[in-house]
Student: 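One structure coming up, written as structure tokens, with questions to follow.
Note that the coordinates shown come from a computational prediction; the quantities given were computed from them, not determined experimentally.
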Amino acid sequence: MKTGHCLTGQYLAWTTRRPDATCWWGQYSIQTREHLFKNCPQWRSQQKTLWTTVLKETRKLPGPIRGRGRTSIAELLADERCSQAVLQFFATADVGRTSGPSVAEDEEDAASEASEWEARDQAERAWEMREEEERLGAE
């Protein structure tokens, strides 16, 4: 997610796994990390919780205060103080878990490749989350 190589419409269109970058939940916007974390109507409740928690945590600890309007997603993902809020967002939203609905039945091969990529990505994400939890638990 941090590098932008994740299951978003923008990335999947760039890799030609989807015909366009349109958000499959909103249908009107380009599905970028920024859209998913800040503007996608599908995740309003989770976004509100995320940004409320981020603001609260960054006010408590030294460093720049992070808010929805003034923080890029790259900054959010790079800031250790925001890790728990981001992990909670991932746990409660389907952001990054699916490559969206099938675009066409005749593109089964592309969907199969995306499914394999999804499975590898899910395993890697689970491993990274365990590592992060262990690291935070050790602190």
Side-chain angles (χ1 to χ4, degrees):
M1 185 63 80
K2 189 174 178 181
T3 64
H5 296 132
C6 53
L7 294 174
T8 62
Q10 182 181 41
Y11 178 72
L12 293 171
W14 178 78
T15 62
T16 67
R17 290 191 174 120
R18 291 197 64 81
D20 61 41
T22 305
C23 179
W24 46 83
W25 290 296
Q27 302 297 320
Y28 299 108
S29 300
I30 300 298
Q31 191 184 72
T32 62
R33 294 178 308 168
E34 191 86 10
H35 171 74
L36 292 170
F37 277 81
K38 294 182 177 183
N39 305 311
C40 187
Q42 179 73 18
W43 312 116
R44 287 278 188 244
S45 161
Q46 291 89 340
Q47 292 162 359
K48 183 177 180 180
T49 301
L50 168 71
W51 291 105
T52 300
T53 305
V54 163
L55 189 59
K56 183 175 121 187
E57 290 301 313
T58 58
R59 282 186 172 151
K60 288 195 290 188
L61 299 167
I65 294 174
R66 304 278 184 212
R68 181 175 179 224
R70 59 182 170 258
T71 302
S72 73
I73 301 308
E75 292 170 330
L76 174 73
L77 297 172
D79 192 331
E80 255 182 64
R81 301 170 302 161
C82 304
S83 296
Q84 281 304 113
V86 170
L87 289 173
Q88 186 61 36
F89 178 73
F90 286 140
T92 58
D94 278 341
V95 170
R97 290 186 196 180
T98 178
S99 59
S102 180
V103 279
E105 289 182 26
D106 62 338
E107 294 184 20
E108 268 183 46
D109 291 337
S112 173
E113 285 179 30
S115 296
E116 290 173 25
W117 186 75
E118 263 180 30
R120 284 192 305 269
D121 190 57
Q122 282 180 335
E124 183 179 330
R125 192 168 51 255
W127 178 81
E128 288 173 351
M129 287 177 69
R130 282 192 303 275
E131 290 288 311
E132 180 70 13
E133 287 171 356
E134 287 175 14
R135 187 184 64 74
L136 290 172
E139 290 177 356

Student: Test your reading of the model: is there a side-chain donor-acceptor pair from Glu57 to the backbone of Ala85, 3.5 Å cut-off?
Tutor: no
Student: State whether the side chain of Arg44 and the backbone N or O of Asn39 hold a donor-acceptor pair below 3.5 Å, judged by distance alone.
Tutor: yes
Student: For the pair Arg81 (side chain) and Thr58 (backbone), establish whether a donor and an acceptor sit closer than 3.5 Å, ignoring hydrogens and angles.
Tutor: yes
Student: Between Phe89 and Ile73, is there shared hydrophobic-cluster membership here, with clusters defined by ILVMFWY side-chain heavy atoms closer than 4.5 Å?
Tutor: yes
Student: Drop me the distance from Gln46's CD to Trp51's CH2, to the nearest 0.5 angstrom.
Tutor: 14.5 Å
Student: Could you check Phe37 against Leu77 for side chain to side chain contact (heavy atoms under 4.5 Å, CB included), going step by step and ending with a plain yes or no?
Tutor: CA-CA 11 Å; Phe37 277 81; Leu77 297 172; 4.3 Å; yes
Student: For Val54 versus Leu76, what's the shortest heavy-atom pair and its separation?
Tutor: CG2-CD1, 3.6 Å
Student: Linking I/L/V/M/F/W/Y whenever their side-chain heavy atoms sit closer than 4.5 Å, directly or via other members, would Leu50 and Leu55 fall into one cluster?
Tutor: no
Student: Search all heavy atoms of Pro41 against all heavy atoms of His35 and return the closest pair with its distance.
Tutor: CD-CE1, 4.4 Å
Student: If you round to the nearest 0.5 Å, how far is CG of Leu61 from CD of Glu80?
Tutor: 10.0 Å
Student: Any side-chain heavy atom of Cys40 sitting closer than 4.5 Å to one from Gln47?
Tutor: yes
